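Below is one structure, written out as structure tokens; the observations come after it.
Being a predicted model, the structure only gives us computed values, none of them experimental. Each ligand, and each atom within it, is numbered from 1 in the order the structure gives. Note that these values count all heavy atoms, side chains included, but never hydrogens, waters or copies made by symmetry.
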Amino acid sequence: MKRRVAILISGRGSNMVALIEGARAADYPADIALVISNKPDAAGLARAQESGIKTIVIDSKPFGKDRAAFEAVMQNALDEHRIDLICLGGFMRLLTDDFVNRWTGRMLNIHPSLLPSFRGLDPHGQALRAGVKLSGATVHFVTPEMDAGPIVMQGAVTVRDDDTAETLAARVLEIEHRIYPAALRLVASGSTRIDGDICKIAATDCSNGTLTAPTTV
Ligand code: GAR
């Protein structure tokens, strides 16, 4: 049985589109059943509707600081649509520990850095200031700590001397769109197992490839 997935967005929803497109494969183990936005004007809403996906807006603004009340409405919608798994896709609202704990092992996030480096805001600026030669993106299970939690998949890109936060973000976004559907496939098919802080992956080819930057070595 395919797992029923809700994607939570606040903005343009390009990762949401990647997940919707990935889930079109006949053998994909998950169905994107619902998209929830906490912003009525999120550009991603129209893109979900074009794909025939049910969308719900739960405007977080009137709830102010009452995160629990906002989440109660969201939980109702998730229950109503019999959601098994949540994917956060640029969802810019902090979730309470209660909500996160209710979805332990069933909620994924994507962050545009190679975690645990560069959590939080401006990860690309942080990467450039640190002078790293490789950056990338991480799909991880959500835990109460922000941009932390067992890592399911990472993808790397090389960082160029002339990169700006914008050019690096654009290259990392391409990797995000590749790894998020792949990571959801692993989770939805039951190929992942959480062991403490670590996500173990069954039957994958973690070949002993290496990646260097610069590539002169
Ligand atoms: C993505 O780059 C995602 O990795 C990032 O927000 C962007 C959303 O873009 N998420 C975070 O920084 C989470 N800490 P999208 O709406 O086009 O998917």
Side-chain angles (χ1 to χ4, degrees), residues 5-24 30 32 34-51 53 55-60 67 74 85-97 99-100 103 107-130 132 134-157 159 163-185 187 199:
V5 174
I7 307 175
L8 273 47
I9 64 167
S10 302
R12 75 187 156 180
S14 73
N15 277 293
M16 173 204 75
V17 170
L19 289 167
I20 291 170
E21 282 172 2
R24 286 209 179 105
I32 310 302
L34 180 64
V35 168
I36 297 178
S37 172
N38 71 316
K39 297 258 178 148
D41 58 354
L45 284 167
R47 304 181 73 181
Q49 284 153 8
E50 280 161 22
S51 306
I53 310 279
T55 60
I56 297 180
V57 174
I58 306 170
D59 189 354
S60 50
R67 290 190 283 152
M74 196 156 68
L85 295 167
I86 294 176
C87 290
L88 304 180
F91 185 67
M92 302 316 254
R93 172 119 180 145
L94 283 177
L95 297 165
T96 63
D97 289 4
F99 185 85
V100 170
W103 287 89
M107 178 155 57
L108 295 172
N109 181 44
I110 189 158
H111 182 74
S113 75
L114 292 174
L115 291 174
S117 292
F118 317 134
R119 294 173 174 164
L121 294 177
D122 191 24
H124 304 299
Q126 293 187 57
L128 292 176
R129 286 190 292 279
V132 294
L134 292 167
S135 192
T138 303
V139 178
H140 63 96
F141 284 102
V142 177
T143 54
E145 198 182 340
M146 193 181 63
D147 297 330
I151 291 171
V152 180
M153 191 177 282
Q154 296 185 300
V157 303
V159 180
D163 262 328
T164 62
E166 289 70 33
T167 58
L168 181 56
R171 250 180 2 271
V172 170
L173 194 62
E174 284 178 31
I175 281 278
E176 293 185 47
H177 297 164
R178 281 171 50 195
I179 66 171
Y180 213 170
L184 176 60
R185 178 188 277 277
V187 172
C199 173

Hey, does the side chain of Ser37 reach the backbone of Pro40 with a donor-acceptor pair shorter than 3.5 angstrom? no

Does Ser51 reach the main-chain N or O of Ile53 with its side chain, forming a donor-acceptor pair under 3.5 Å? no

Return the CE to CG distance between Met107 and Leu95, rounded to the nearest 0.5 Å. 5.5 Å

Do me a favour and list the nearest non-hydrogen protein atom to atom 3 (C) of ligand 1 with residue, atom name and distance? Glu176 OE1, 3.3 Å

Please list, in number order, the atoms of ligand 1 under 4.0 Å from a heavy atom of Asp147. 14 (N)

Under 3.5 Å between any N/O of Asn109 and any N/O of ligand 1: does that happen in this structure? no

Residue, atom and distance of the protein heavy atom nearest atom 10 (N) of ligand 1 read Ile110 O, 3.5 Å

For residues Ser135 and His124, is any side-chain donor paired with an opposing acceptor at under 3.5 Å? no

Any side-chain heavy-atom pair from Pro123 and His111 closer than 4.5 angstrom? yes

Could you go through Ile20 and Arg47, starting from their C-alpha distance and side-chain angles, then the distance that decides it, and tell me whether this counts as side-chain contact (heavy atoms from CB on, under 4.5 Å)? CA-CA 10 Å; Ile20 291 170; Arg47 304 181 73 181; over 6 Å; no

Using a 3.5 Å cut-off on N or O atoms only, is Gly13 in polar contact with ligand 1? yes

Which residue supplies the protein heavy atom nearest to atom 12 (O) of ligand 1, what is that atom called, and how far is it? Pro112 CD, 3.4 Å

Nearest to atom 7 (C) of ligand 1, what protein heavy atom do you find, and at what distance? Arg12 NH2, 4.2 Å

Considering non-hydrogen atoms of the protein only, which is the closest contact for atom 14 (N) of ligand 1, and what is the distance? His111 ND1, 3.0 Å

Proximal atoms of ligand 1 relative to Ser14 (non-hydrogen, under 4.0 Å): 15 (P), 16 (O), 17 (O), 18 (O)

Examine distances only and state if a side-chain atom of Thr138 and a backbone atom of Leu115 form a donor-acceptor pair shorter than 3.5 Å. yes

So is Ile9 close enough to ligand 1, meaning a heavy atom under 4.0 angstrom away? no

When you look for heavy atoms under 4.0 Å from ligand 1, do you find them on the side chain of Met146, its backbone, both, or neither? neither

Check each atom of ligand 1 against the heavy atoms of Gly90 and keep those under 4.0 Å away; list them by number with element. 6 (O), 8 (C)

Is there a donor-acceptor pair closer than 3.5 Å between any side-chain N or O of Gln126 and the backbone N or O of Leu121? yes

